[in-house]
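Here is the structure we will look at, set down as structure tokens.
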Amino acid sequence: MVSIKIKICGITNLDDALMVSKFGVDALGFIFAPSPRNIEPVIAKNIIQNLPPFIITVGVFKDQELELVNKVIRLTGIDVVQLHGSESPEYCRFIKNARIIKRIKIDDDKVKLKKVISDIDKYSVAGYLFDPGEGSGKVFDWNMVKGVGGNIIIGGGLNQDNVKDMIGLLKPYGVDVCSGVEKFPGKKDPTKVKEFIKEVRKCSLQV
């Protein structure tokens, strides 16, 4: 059995953080880049300090100054940095005291994507997120990344109704969901969260 990791992104308040933790999520995402789900570092720090001990915390950034990223890491105590922009391998080497997930943007240009995938080994990071947009709810053609090795994480339009098909095809290390478990941007829906986690855990038994 493979335990597929679950990250719920766009956490903006303590109630949601505790609720999704209770339901069994592995990681929580805090967006420090411009977004309808943006959170101030000091608020994220307060949430993180009140989490159960085994929850991984992820800070999402996009083409922001290295000094700012490292400052937020120190202030909040986040475990992982998720980079959503055009950050270079050199940029990643200057991230301090946090593991890194590099997001690979998926679009319809399959030739471009093939080149990007061939170049990802240049990055010294913990994993890669394949995702078409930041909380857009857009699903991409999963076949485009079939066969990519390493710790791959899939995002983009996932919900309790389609995650089974994606896991069956790609068998990823993890899944990243945001809008698919929301009532509205920044507020999670307990029923959707619970059903999503339940479906992923059930799929894990079959991988």
For this session: Give the minimum heavy-atom separation between Ile31 and Cys9, together with the two atoms involved.
Result: CG1-SG, 3.9 Å
Exam field: side chain [X] to backbone [Y], donor-acceptor pair closer than 3.5 Å:
{"X": "Asn46", "Y": "Gln49", "value": "no"}
{"X": "Arg103", "Y": "Lys62", "value": "no"}
{"X": "Thr12", "Y": "Gly186", "value": "yes"}
{"X": "Tyr128", "Y": "Ile101", "value": "no"}
{"X": "Asn159", "Y": "Ser179", "value": "no"}
{"X": "Thr57", "Y": "Asp79", "value": "yes"}
{"X": "Asp63", "Y": "Gly85", "value": "no"}
{"X": "Asn97", "Y": "Ile73", "value": "no"}
{"X": "Asp26", "Y": "Ile6", "value": "yes"}
{"X": "Gln64", "Y": "Phe32", "value": "yes"}

Ion pair [X]/[Y], N-O distance below 4.0 Å:
{"X": "Glu90", "Y": "Arg93", "result": "yes"}
{"X": "Asp16", "Y": "Lys22", "result": "no"}
{"X": "Glu87", "Y": "Lys102", "result": "yes"}

Problem set entry | Cluster overlap Leu170 with Val177, hydrophobic side-chain contacts below 4.5 Å | yes
Exercise. For Glu182, what residues pass the side chain to side chain donor-acceptor pair (under 3.5 Å) criterion, not counting sequence neighbours?
Worked result: Arg37, Lys188
For this session: Say whether Lys7 and Gln82, considering side chains only, have a donor N or O and an acceptor N or O under 3.5 Å apart.
Result: yes
For this session: Taking the side chain as every heavy atom from C-beta outward, state whether Pro172 and Ile153 have any pair of such atoms under 4.5 Å apart.
Result: no
Sequence neighbours excluded and cut-off under 3.5 Å, please list the side-chain donor-acceptor pairs for residues 140-148, or say none.
unit_1 : atom_1 : unit_2 : atom_2 : d
Asp141 : OD1    : Asn143 : N      : 3.0
Asp141 : OD1    : Asn143 : ND2    : 3.3

